[in-house]
A.B. asks: 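Below is the structure I would like to discuss, written out as structure tokens.
These values consider heavy atoms only, across backbone and side chains, with no hydrogens, waters or symmetry-generated copies.
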Amino acid sequence: MRAILNLTLFSLFFISAYSFADAMPMDHDHNAMQQNAQIYTFEGVITQWQSDRVGISHHAIPALKWPAMTMNFRLPPQITANALPAGTPVAFSFVKTDTAYQLQTLTPLNR
Ligand SMILES: [Cu+2]
């Protein structure tokens, strides 16, 4: 009886250890992806639209230790076609690249 119980426990441990090892590569890739391209989403107001960038006045962003400011974000090709006039309230998300803060999404807000 004791021997059967020990065998059962060993099998459970082995299965658990195998499952854990199998899950590790996925967890690792997920963490790496987050570090390389963390996406931030905030709200602000359009101040100036240019061909390759847009000025946005935004509130303070504690997560990045930014005060409220007006700054430029780089426009990716899928957004440049939809110019918005100054004064438009927007929700936007962006990633930090090596050379700029690049918008990922830009959505006008109805207020
Ligand atoms: Cu800023």
A.B. asks: Ser51 and Leu75: which non-hydrogen atoms are nearest, and at how many Å?
C.D. replies: O-CD1, 4.2 Å
A.B. asks: Can you check whether Gln104 reaches Phe92 side chain to side chain, under 4.5 Å on heavy atoms?
C.D. replies: no
A.B. asks: Only counting residues at least two apart or in another chain, list the ones meeting ring pair (Phe, Tyr, Trp, His ring centres under 6.0 Å) with Tyr40.
C.D. replies: Phe94
A.B. asks: Mind checking whether Gln50 and Asn72 have side chains closer than 4.5 Å, heavy atoms only?
C.D. replies: yes
A.B. asks: Report yes or no: does Ser93 contribute a side-chain atom to a donor-acceptor pair with the main-chain N or O of Thr105 at less than 3.5 Å?
C.D. replies: yes
A.B. asks: If you define the side chain from C-beta out and look only at heavy atoms, does anything of Glu43 sit under 4.5 Å from His58?
C.D. replies: no
A.B. asks: Hey, does Leu103 have a side-chain heavy atom less than 4.5 Å from the side chain of Val54?
C.D. replies: yes
A.B. asks: Just how far is it from atom CD of Gln48 to atom CZ of Arg53, taken to the nearest 0.5 Å?
C.D. replies: 9.5 Å
A.B. asks: Check Thr47 against Ile56 and note the closest heavy-atom contact, atom names and distance.
C.D. replies: OG1-N, 3.8 Å
A.B. asks: Mind running side-chain contact (heavy atoms from CB on, under 4.5 Å) on Met71 and Tyr101 for me, showing each step along the way?
C.D. replies: CA-CA 10 Å; Met71 61 186 288; Tyr101 295 100; 3.7 Å; yes
A.B. asks: State, yes or no, whether a side-chain contact exists between Arg74 and Thr99 at a heavy-atom distance under 4.5 Å.
C.D. replies: yes
A.B. asks: Which pair of non-hydrogen atoms, one from Ile46 and one from Leu84, has the smallest distance, and what is that distance?
C.D. replies: CG2-O, 3.8 Å
A.B. asks: For the OG1 atom of Thr88 and the CG atom of Asn110, what is their distance to the nearest 0.5 Å?
C.D. replies: 10.5 Å
